[in-house]
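Right, one structure below, let's go through it.
If you read the sequence from its start, that first residue is 1, and numbering goes on from there. In this text the structure is predicted, and so the values were computed from the model without any measurement.
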Amino acid sequence: MKFNIITLGCKVNIYESEIMKEKLLQEDFLLASENDADIVIINTCSVTNMADNKSKKFVRRIKRLGKILVVCGCSSENNQEEYKQMGIDILIGNKDKSIIHEKIKDYLISRVPIVKFYEDKLWNFEDMKVEKFSSHTRAFVKIQDGCNNFCSYCIIPYVRKNIRSKDFKTAVEEIKTLVDNGHKEIVLTGIHTGSYKSLEGYDLADLIHEISKIERLKRIRISSIEITELNEKMLKEIKNNEKIVNHFHIPLQAGSNEILKKMNRKYDLTYFKNKIREIRRLKPDVSITTDVIVGHPFETEELFLETIKTVKEINFSKIHVFPYSKRDGTVASIMEQQVSDEEKRKRSRILNEVSNELEKNYYEKHLHKTLEVLIEEVYDKESIGYTTNYIKIKVLKKLKKNELYLVDILELENNCLIGEIKEAFKVLS
């Protein structure tokens, strides 16, 4: 039978969908387009109300098409009773994605709907291993799951449960396999990636140090890391390890101490700024991107303007802006002084304009330089790739996908740098 997977949300979901795909292909199922598939799997997201609504919209649409419908992920975990009423053939949450092929085979035999959720609060790490990331040039490796921070606005600790980590040797072997199968860049990902800690006591810095010994691995990227996890050991690894890319995504979430406290974040602005200065001392050309939530309860116009001032002072290279989304069951959902949707939309527009300007300034600093680019998309007359500091580069020539090139940067066009292959150099890899 033919299947298709619709993936919503974060890089962890992307990784888990890749697992499901590999398992099904190994069982002689065939990957097909959504229209041609007999079975459609929807890996849902619940990070905001909009993500929840989008997930449910996909479920309703696929249900109308009469496909065998499989639903999993954060939205189904968070809204179990609602999803149980939607007539889904196989319904699970965030556990058992690695054995979804078994559940599908059971369903095909019995045609009895399968619904399985787990009520226990402490989950073990679900062992998963990808051999080749066929949908991306960069290979994502999930090394961690869950979160214990309980930020006031966030539903994720409730739907992803407790912090847990992949076995150290298993992670290293998985990455070796991915590199052997052609991947030059590995993205270490998780719900709270920087909290990685194996049962043997190895932490994220240990894992990065170990996999950097893999000769054909050219780049190591961390999907996201909290400022509090950039301890002396991690900073030393960043300083000494040339394979760690020149880009870090470090969530700020708010640029005022008052709102950070309301959010239950574990740092203040002084701590955050000092750490950023330390990173830039180690890597002067580093790209630091961030997340900021606007319109959190108690965020006045004055406090929002403080956030604008803070992000400009820190000089991020890009800001991912999220209007606060009220999530039932979180502390912030019952706070007073909720900000209106209209005000949240206005503040989002303003902060996005600031982000666009910061991004443009960062890109302009790289005009007329020669940059190393990993090609990820190839078309007849152009190729697109990314630098180590995650700058998007376009070359008006058909190149080889998943290869590294040296590119002379000529101009900036719509948040993308345009360049040409440096004649003195050929493929670096």
Just so I know, are the side chains of C154 and R327 near enough to count as touching, which here means a heavy-atom distance under 4.5 Å?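 No, every pair of side-chain atoms sits at 4.5 Å or beyond.
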Heavy-atom side-chain proximity of V407 to T387 below 4.5 angstrom: no
If we ignore angles and hydrogens, is there a donor and acceptor under 3.5 Å between the side chains of [X] and [Y]?
| X | Y | value |
| --- | --- | --- |
| E377 | Y379 | yes |
| N246 | T388 | no |
| D285 | H366 | yes |
| S75 | Y83 | yes |
| N94 | K97 | yes |
| H296 | Q253 | no |
| T137 | H183 | no |
| N274 | R277 | yes |
| S317 | S287 | yes |
| E131 | T177 | no |
| S152 | N264 | no |
| H249 | D291 | yes |
| S17 | N43 | yes |
| S325 | T48 | no |

So, Y324 versus Y153, ring centres under 6.0 angstrom or not? no
Can you confirm if the aromatic rings of Y202 and Y196 lie within a centre distance of less than 6.0 Å? no
Step by step, would you call N79 with D52 a side chain to side chain donor-acceptor pair (under 3.5 Å)? CA-CA 9 Å; N79 304 278; D52 260 332; 3.1 Å; yes
If only atom types and distance count, is the side chain of [X] paired as donor or acceptor with the main-chain N or O of [Y] below 3.5 Å?
| X | Y | result |
| --- | --- | --- |
| K132 | D180 | no |
| N13 | L8 | yes |
| E82 | K84 | no |
| Y363 | K392 | yes |
| N241 | E237 | no |
| N162 | W123 | yes |
| K243 | S212 | yes |
| Y405 | L399 | no |
| K184 | N402 | yes |

Enumerate the residue pairs fulfilling salt bridge (charged side-chain N to carboxylate O under 4.0 Å, His left out) with a member in residues 154-169, sequence neighbours excluded, ordered by first and then second residue.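 Pairs touching residues 154-169 that pass the test: E16-R160, D145-R160, D145-R164, K166-E174.
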Any salt bridge (charged side-chain N to carboxylate O under 4.0 Å, His left out) involving residues 256-267? Give me the pairs, sequence neighbours left out, ordered by first then second residue. E226-R265
Nearest non-hydrogen partners of [X] and [Y], listed with the distance:
| X | Y | value |
| --- | --- | --- |
| I6 | E34 | CD1-OE1, 3.5 Å |
| L412 | L367 | N-CD2, 3.7 Å |
| I163 | S195 | CD1-OG, 3.6 Å |
| M234 | I222 | CE-CD1, 3.7 Å |
| F150 | P157 | CE2-CB, 3.6 Å |
| F168 | L207 | CE1-CA, 3.5 Å |

Between [X] and [Y], is there a side-chain N and carboxylate O pair less than 4.0 Å apart?
| X | Y | answer |
| --- | --- | --- |
| K21 | E18 | yes |
| E185 | R221 | yes |
| R345 | E342 | no |
| E301 | K346 | yes |
| E299 | R347 | yes |
| K95 | E126 | no |

Kindly indicate, with the supporting measurements, whether the criterion side chain to side chain donor-acceptor pair (under 3.5 Å) is fulfilled by N35 and S33. CA-CA 5 Å; N35 288 335; S33 68; 5.4 Å; no
For F58, all residues meeting ring-ring contact (aromatic ring centres under 6.0 Å, His included), sequence neighbours excluded: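 Counting only residues at least two positions away or on another chain, F58 forms no ring-ring contact (aromatic ring centres under 6.0 Å, His included).
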Nearest 0.5 angstrom please: L230 CG to T228 OG1, how far?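 Atom-to-atom, L230:CG and T228:OG1 are 8.0 Å apart.
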Kindly determine whether K176 and E173 satisfy salt bridge (charged side-chain N to carboxylate O under 4.0 Å, His left out), including the steps that lead there. CA-CA 5 Å; K176 283 181 178 176; E173 288 303 316; 3.8 Å; yes
Using side-chain contact (heavy atoms from CB on, under 4.5 Å), reason through L374 and R219 one step at a time and then give a plain yes or no. CA-CA 10 Å; L374 178 62; R219 293 179 179 179; 3.6 Å; yes
Stepwise side-chain contact (heavy atoms from CB on, under 4.5 Å) test for I92 and K103: CA-CA 10 Å; I92 63 173; K103 294 189 179 295; 4.1 Å; yes
Is the positively charged end of K142 above the ring of F125, judged by distance under 6.0 angstrom from the centroid and angle within 45° of the axis?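 Yes, a cation-pi geometry.
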